[in-house]
Amino acid sequence: MAATIKDVAKLAGTSTATVSKVMNGSYSISQKTIDQVHKAMEELNYHPNLRARNFARQSTRQVLFLTTLGENAGFSNPHMFEILSGLECALGRKGYLLGVKNISKEEAPDFVKEVFDSKMVDGVVIHASVISKKLDEMIRYKEIPHIVLGLPNFASHFCWLDIDNKLAGEMAANYLLQCGYQSLAFVGGTDEDKISAHRLEGVLSVLKEYDVIVPRCHLKYGESDCDSGFQMTEQILQNQNLPDAIICANNYIAYGCVNALKEHHIKIPEDMGVVTFDDYPFSQILKPKLTVINIDVYDMGMQAGKLILNKMKKPNLQVQFYCTLPSVTERESTRKF
C-alpha cells in the first residue's frame with residue numbers, strides 16, 4: 001500500500017501541516033525539520049502528486065525568464081548564463097522550475113499576457129533588453145509578479161534590480177589613482193550601451209573630484225567587441241600625449257586593447273596599465289592577466305530568484321534597487337608606483 005502524508009509525518013515526528021509546508025518550500029521551517037521530512041519521504045518512497053497539489057492551490061511552480069537569445073549567445077553574453085544559474089539555484093531550492101523564452105521587445109507584452117491568462121507560470125523574470133512601456137502598463141494593470149534584470153531606461157512601474165555600474169567605474173578610477181597613475185583613458189561602447197555609459201560616468205566623477213583632466217582624445221566610443229577595442233586603442237596611441245593607463249568597458253574591448261598595445265610594443269604594465277570589468281571571458285587568459293573590477297552576476301541571479309519568490313507571495317511588493325557590490329581583483333596588468 002502506498003505511503004501517505006500522514007505516514008511521512010509520523011515517521012518524521014512532525015504534523016501533516018509541517019510536511020505540507022516542507023513540500024511547498026515554506027521559509028518558516030528549520031533546516032533540521034526539512035531534512036527529517038525528506039529522509040522520511042525517502043524511506044517510505046513517498047512521492048506527492050505535485051500536479052494535483054498545484055492545481056488545488058492554483059500554482060504551476062514555474063517561473064519564466066524572458067530575454068533575447070541568438071546564435072553564439074553564450075559567447076557574446078556569458079554573464080547571461082551565470083545569472084540564469086544563480087536564478088535557477090534560488091528557485092530550485094523552493095521547488096520551482098525555471099523556463100527560458102527567447103523573445104523580442106515587440107512580442108513580449110502579448111506573450112506575457114497569454115501565459116498569465118492561461119495560468120502557465122507563476123511569475124516572470126525579464127531581461128531589460130525586452131522591456132517596453134506597453135509591457136510595463138500591461139504588467140501593472142494585471143498585477144503580474146515580475147522582476148526586471150537591469151535598470152529600465154524610461155520612467156516605469158517595473159520592479160527591478162541591477163548592478164551599480166557607476167560604482168564599478170568609480171572603483172576603477174580610484175584604484176588607478178591610488179596606484180599612482182595620473183593620466184587615464186577610457187574605451188567603451190556606443191551611446192546605447194548603458195552599462196558602458198554608467199561605468200564611464202563613475203570614472204569621470206572620481207577624476208573630477210581629484211581635478212584630473214581627461215583630454216577628449218582619451219575618451220573613445222565604439223562597438224563592444226574586440227575589433228572595435230583594437231581600433232579605439234589605435235586612435236588613442238596616435239596622439240602625442242599618451243595616457244599611462246586605459247580603462248576598458250568590458251572584456252571584449254580589453255582583448256582588442258591589449259593586442260593593439262602589444263602591436264605597438266607598449267609593455268603592460270611597465271609602460272601602460274590596463275583595467276577592465278568582469279572576470280569573463282578573457283581577463284584570466286590574456287597575457288598579462290588583467291586587473292578587473294569584478295561583479296558577482298551569479299549572486300545577482302540568486303537575488304532575482306529570491307525577489308520573484310517574494311513577489312509571488314506579495315504581489316504589491318515594490319522592489320527597485322542595486323545589488324551586488326563590485327570588488328577589485330588585482331592582477332598583472334597594473335602596478336603601484
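One-based numbering along the sequence shown.
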side-chain contact (heavy atoms from CB on, under 4.5 Å) evaluation trace for Y221 with L200
CA-CA 10 Å; Y221 313 94; L200 175 59; 3.5 Å; yes
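- Nearest approach of Q182 to D244, heavy atoms of both residues: N-OD2, 3.1 Å.
- In terms of hydrophobic clustering, with Ile, Leu, Val, Met, Phe, Trp and Tyr side chains grouped at heavy-atom distances under 4.5 Å, I308 and V148 are assigned to different clusters.
- Side-chain atoms of S228 never come within 3.5 Å of backbone atoms of S224 as a donor-acceptor pair (strictly under, hydrogens ignored).
- For N239 against Q235, the heavy-atom pair with the smallest separation is ND2-O, 3.2 Å.
- At a threshold of 4.5 Å between non-hydrogen side-chain atoms, the residues L97 and R61 do not count as touching.
- A continuous path of hydrophobic side-chain contacts links V206 to L219 [ILVMFWY only; heavy atoms under 4.5 Å].
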Could you walk me through whether E234 and H264 pass the side-chain contact (heavy atoms from CB on, under 4.5 Å) test, one step at a time?
CA-CA 9 Å; E234 283 275 347; H264 285 265; 3.0 Å; yes
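- Residues T4 and Y46 share a closest heavy-atom pair of C-CE1, 3.7 Å.
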Where do D35 and Q31 land on the side chain to side chain donor-acceptor pair (under 3.5 Å) test, with the steps shown first?
CA-CA 6 Å; D35 292 341; Q31 189 60 49; 3.0 Å; yes
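- Linking ILVMFWY residues whenever their side-chain heavy atoms come closer than 4.5 Å, directly or via other members, places L176 and F277 in the same cluster.
- Under the side-chain contact (heavy atoms from CB on, under 4.5 Å) rule, H127 has a single partner from I83, T67, L66, which is T67.
- Shown here is E42, whose CD atom has no more than 12 heavy atoms of other residues, nucleotides or ligands within 6.0 Å.
- Using a 4.0 Å cut-off between a side-chain N of Lys or Arg and a carboxylate O of Asp or Glu, E170 and K166 qualify as a salt bridge.
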For side chain to side chain donor-acceptor pair (under 3.5 Å), just list the numbers for N294 and T329, CA-CA rounded to whole Å, side-chain angles, deciding distance to a tenth of an Å, and then say yes or no.
CA-CA 7 Å; N294 196 29; T329 302; 4.7 Å; no
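- Two residues are said to be in side-chain contact when any heavy atoms from C-beta on lie closer than 4.5 Å; F65 and L84 meet this criterion.
- Counting non-hydrogen atoms of other residues, nucleotides and ligands closer than 6.0 Å to NZ of K262 gives a total above 12.
- Hydrophobic clustering of Ile, Leu, Val, Met, Phe, Trp and Tyr side chains at less than 4.5 Å, counting indirect connections, unites L87 with L307.
- The number of heavy atoms from other shown groups lying within 6.0 Å of CZ (F154) is above 12.
- Heavy-atom contacts from other residues, nucleotides or ligands closer than 6.0 Å to CG of L325 number 12 or fewer.
- Considering only heavy atoms from C-beta on, V37 stays 4.5 Å or farther from I34 through its side chain.
- For F111, the CZ atom sits in a packed shell: over 12 heavy atoms of surrounding residues, nucleotides or ligands are nearer than 6.0 Å.
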The test is side-chain contact (heavy atoms from CB on, under 4.5 Å); show your working for M312 and L309 and say whether it passes.
CA-CA 5 Å; M312 290 185 295; L309 288 168; 3.7 Å; yes
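- For the pair Y181 and R335, the minimum side-chain heavy-atom distance is below 4.5 Å.
- Of the possible donor and acceptor atoms, none in the side chain of H198 sits under 3.5 Å from a partner among the backbone N and O of I163.
- Within a 6.0 Å radius of CD in E143, other residues, nucleotides and ligands contribute 12 heavy atoms or fewer.
- Taking the ring centre of F116 as origin, the terminal cationic atom of K142 falls outside the region bounded by 6.0 Å and 45° from the ring axis.
- Taking the six-membered ring for Trp and the full ring otherwise, the centers of F230 and Y255 sit at least 6.0 Å from each other.
- Hydrophobic clustering keeps I144 apart from V63 (ILVMFWY residues linked when any side-chain heavy atoms are closer than 4.5 Å, directly or through intermediates).
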I'd like to know whether Q303 forms a side chain to side chain donor-acceptor pair (under 3.5 Å) with D299, so could you lay out the CA-CA distance, the side-chain angles of the two residues, the decisive distance to 0.1 Å, and finally the verdict.
CA-CA 6 Å; Q303 292 198 46; D299 179 64; 2.9 Å; yes
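- When all heavy atoms of V258 and K287 are compared, the pair lying nearest together is CG1-O, 4.3 Å.
- The minimum heavy-atom distance linking V292 with D278 is given by the pair CG1-O, 3.4 Å.
- No side-chain heavy atom of Y298 sits less than 4.5 Å from a side-chain heavy atom of F81.
- Here the shortest heavy-atom pairing between R331 and S283 reads NH1-OG, 3.7 Å.
- The ring of H146 has its center closer than 6.0 angstrom to the ring center of F158.
- In this structure, S132 OG and M138 CE are separated by 8.5 Å, a value rounded to the nearest 0.5 Å.
- With N165 contributing its side chain and I195 its backbone, the two residues share no donor-acceptor pair below 3.5 Å.
- Between Y210 and N174 the shortest side-chain heavy-atom distance falls below 4.5 Å.
- Between K113 and D117 there is a salt bridge, since at least one side-chain N of the basic residue sits less than 4.0 Å from a carboxylate O of the acidic one.
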Derivation of the side-chain contact (heavy atoms from CB on, under 4.5 Å) call for L204 and F186
CA-CA 10 Å; L204 294 178; F186 183 91; over 6 Å; no
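- Panel note: side chain S333, backbone T291; a donor-acceptor pair is recorded below 3.5 Å.
- Note that the CD1 atom of I246 and the CD1 atom of I266 stand 7.5 Å from one another [nearest 0.5 Å].
- A donor-acceptor pair is defined here as one N or O able to donate and one able to accept, closer than 3.5 Å; no such pair exists between the side chain of S20 and the backbone of T16.
- Salt-bridge formation is detected for the pair E330/K336: a Lys NZ or Arg NE/NH1/NH2 atom is positioned less than 4.0 Å from an Asp or Glu carboxylate oxygen.
- Heavy-atom contacts from other residues, nucleotides or ligands closer than 6.0 Å to CG of L151 number more than 12.
- In this structure a side-chain-to-backbone donor-acceptor pair under 3.5 Å is present from D136 to H157.
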